[in-house]
Amino acid sequence: MIPLPLLSPSIQNFTRRTVRLLRTRVFQYSLAGFLLGLALTVSGYLVDYFALYQALPERFSFTLIRGLHEVTPVHFFSDGFALLLGVVGGIAGRLQDKVLFYSTHLEELVDSRTHALRRSEERYALAARGANDGLWDWDLVKEEVYYSPRWKQNLGYRKDEVGTSPEDWLGRVHPKDRKRVKARIEGHLRDATSNFSVEYRIRHADGSYRWTLARGMAVRSKEDGKPYRMAGSQTDIDERKKMEQQLMFMALHDSLTSLPNRTLFLDRLDHAFARARKHGSRNSLAVFFLDVDRFKNVNDSLGHLKADQLLVMVSKRIKECLERFSADSPVRDRGRSVRGDRPGFSWTLARMGGDEFTVLLEDIDSLHDATRVVKEVEESFRNPMILEGRKLFITLSTGIVLGPSGYERAGDLLRDADTAMYRAKANGRARFEIFDQRMLAKVQDLLRLETDLHQAVERGEIRVAYQPILDLEKGALVGFEALGRWHHKERGWIPPDEFIPLAEESGLALELGHSIFSEVCRQMRAWGRENPLTGGLTFGINISPKQFFDPKFLSNVQAEIRKFGQDPRRIYFEITENTLISDPEEARKLLARMKKTGFRMAIDDFGTGYSSLSQLQNLPVEILKIDQSFVARLKQGKKAVRIVETIIRLANALDLQVIAEGVETNIQISQLRKIGCNFGQGNWFSKPLEGSEVGKKVFSQFPISSFPQSQKRQAKVKS
């Protein structure tokens, strides 16, 4: 026999198929049937031949016997009998294969399905236990409900403490939620919804209410579609609900005071505004905007933590005052809102941020109601606040606006209340102002002016004017004060006391100050080239608090000095007393640093601020500038003269030079000379002039000298 590996692949495949065919039960049974049929056919032939041979009287030949056989029944029975039995055998083999297959695999199939069903049941039971869900199955025909042990356990009940009626479930639902739950169930049973799902509160065994989520689905009859059963689950979502409520509270309330924040206040204002408009009320709403006066001083002196504690105390005191106007009904305040009401009157208190608070009064009768509440609040703050044993006197500036009459949007009420509050601050603080249209016009005017100022700074439209400073004894020019000037294209010349504060508030002070300083240095170089005698003149430049405390200020001015090749000793910076006392220690360090670089310092508008003598003697300044208000009163009598004389004596004692501002008459010059003031500036000598005009009107009129430096003061600072 030839081994299979030596045969060709086609012969190998044919051989394998042949072997597999020979091994099949169909072939074997077909072969057995064919052989049996063949054997029976041969036997029939032999028997039939033998019978014919015996039956014939004479012995005929075999040919005759075979001819007779072909007409006998045996012939018809045996022809093709072997093939027929072969086919029957093949069919029998095939049927036996099927019977054996199903008999062999049916048990395995049953075992597999049973095992899968068992695993599915175990998986469902495990998932139900792991999900902590309680199951319920409601027979709608019998009105009985099956509650799983987990359903009962989640509510704190034992197995025998809950019955099987629907009321054992629905009767424990919170009264405010019961109607909604029943409506959802009925809606689902009417086939109004594809499934049943509802969140509600249900009574726990300890008497409290827990948030739960019930979900389910009805089983309906195939004949008429009516539900006969409803099953589902109940999930404990109490923690999630509490977290959602906490997040909602945090989103709508101030984290420090727990008062409503700006978002919630505006929402309540919108609703109150809409209600008032709907009812046709004209002035039934009032909005207060309250700001704690000089809170920054408290923040800087006590620190942020103590300042936050103070804000909490302020909010509580305001709230206590408002609660006095709702004494006829309980105050609803469970940490979620701060709102009190009584018939015909209600209020909402909120914190806008920082030290700003707002109050919404609803259903007031007149402006009198609003002012009465504000006066109550102001009166309560006359008593000091005790913070860690320290007494603090706090005042509020308040803006009031009435509505909804004259307003199309609720937010405009808050805007105008804010405007009135700033007017209260501008008018002296610790007071309230009622909004009127003139305030809005002024605010809008300032806004336009601020926009124009931004553009003027960007385009370099801010000019510098120079007012001469003279030696009153010699009549000689010793220096200039550089003053910023702004020529508005529509309003003309705008004085510094209007646009300088605006620049500080809008963040333009640094950029504006740098441009003025750069222009002064450029002008100093130009005059020096034209007239070398001007090399000894001194220039005073005003700087704002933001410039003074800016870390880059000193390096920036030094860069400009080097750029234009000027001597820093020819420049002194003018700062106000209030700037120095806002942070005395830091101010002293900054002044000392400037002195080391050669710059001199002057206290501007001396006598109008709050500086103390102890601080003044420790500050490295060289010049005091007497405010023009004192100089203007010299003609009023001896008292005014003595005040100026006292300032000059103080300056002499501290070895400081004195410059009198606002000199307008020859009499003032004479009086200043008598009391020892050596230097002055004012319109008597010259109004502030631009650089191109100074040469014609100042240099040609006055001899040029130099401003003296205090040697003793310099030695003291260096030591």
Side-chain angles (χ1 to χ4, degrees), residues 426 438 441-470 477 479-530 534 537-547 556-557 560 563-564 566 571-576 604-605 625 627-628 661-664 681-702:
R438 289 176 298 177
K442 185 173 182 180
V443 170
Q444 293 174 343
D445 184 64
L446 286 175
L447 181 61
R448 288 192 295 268
L449 192 63
E450 180 181 336
T451 302
D452 294 341
L453 180 59
H454 273 275
Q455 296 175 353
V457 173
E458 292 175 358
R459 298 169 183 171
E461 296 177 356
I462 304 299
R463 305 176 185 177
V464 179
Y466 301 88
Q467 187 169 40
I469 301 173
L470 276 76
L477 177 68
F480 293 92
E481 179 180 359
L483 302 168
R485 289 292 183 268
W486 178 20
H487 188 269
H488 194 274
K489 57 184 179 181
E490 297 177 357
R491 307 184 186 187
W493 289 104
I494 297 179
D497 57 357
E498 287 190 21
F499 75 85
I500 295 298
L502 187 61
E504 293 178 356
E505 293 177 5
S506 60
L508 289 171
L510 298 179
E511 187 176 356
L512 179 61
H514 184 268
S515 64
I516 291 176
F517 184 83
S518 179
E519 174 59 24
V520 171
C521 291
R522 188 200 64 78
Q523 189 63 67
M524 290 170 62
R525 183 178 64 179
W527 284 339
R529 291 174 177 175
E530 295 174 2
T534 62
L537 295 177
T538 301
F539 290 80
I541 302 175
N542 293 277
I543 58 174
S544 68
K546 289 186 178 180
Q547 286 180 276
N556 289 339
V557 296
E560 291 297 314
K563 175 181 176 181
F564 291 99
Q566 299 302 309
I571 295 176
Y572 64 87
F573 294 111
E574 300 183 15
I575 53 178
T576 62
D604 194 18
D605 301 333
K625 300 192 74 173
D627 187 70
Q628 58 184 351
E661 296 181 295
V663 178
E664 303 287 344
Q681 70 178 88
N683 291 340
W684 175 258
F685 306 112
S686 174
K687 294 181 178 180
L689 302 171
E690 292 192 24
S692 59
E693 300 176 338
V694 170
K696 302 175 183 178
K697 298 182 180 181
V698 178
F699 292 153
S700 60
Q701 182 179 356
F702 303 103

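Numbers here simply count residues along the sequence, with the first being 1.
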Can you tell me how far apart CD1 (I516) and CD1 (I541) are? Round to the nearest 0.5 Å. 8.5 Å
Can any side-chain N or O of S700 pair as donor or acceptor with the backbone N or O of K696 at less than 3.5 Å? yes
So how far is it from E664 CD to F685 CZ, rounded to the nearest 0.5 Å? 10.0 Å
For E560 against S518, the heavy-atom pair lying closest together: OE1-OG, 3.1 Å
Does any N or O in the side chain of Q547 come within less than 3.5 Å of the main-chain N or O of S544, such that one atom is a donor and the other an acceptor? yes
Distance from M524 atom CE to Y466 atom OH, nearest 0.5 Å? 9.0 Å
Of all heavy-atom pairs between S686 and V698, which one has the smallest distance, and what is that distance? OG-CG2, 4.2 Å
Between G540 and E574, what is the shortest heavy-atom contact and its length? CA-OE2, 4.0 Å
Which atom names give the shortest non-hydrogen contact between K546 and L510, and what distance separates them? O-CD2, 3.6 Å
Could you tell me the separation between the CD1 atom of I543 and the CG atom of D604, rounded to the nearest 0.5 Å? 10.5 Å
Run the numbers on F517 and N556 for side chain to side chain contact (heavy atoms under 4.5 Å, CB included), then give the verdict. CA-CA 10 Å; F517 184 83; N556 289 339; over 6 Å; no
Please give me the minimum heavy-atom distance between K625 and Y572, naming the atom from each residue. NZ-OH, 4.2 Å
Exam field: side chain E661 to backbone Q681, donor-acceptor pair closer than 3.5 Å: no
Which distance, rounded to the nearest 0.5 Å, do you find between the CD of Q467 and the CZ of F480? 10.5 Å
Take the angle between the ring planes of W527 and F539 and call it parallel below 30°, perpendicular above 60°, tilted in between. parallel
Restricting to non-hydrogen atoms, name the atom on G479 and the atom on L537 that form the minimum distance, rounded to 0.1 Å. N-CD2, 3.8 Å
Q523 side, atom CD; F564 side, atom CZ - distance, nearest 0.5 Å: 10.5 Å
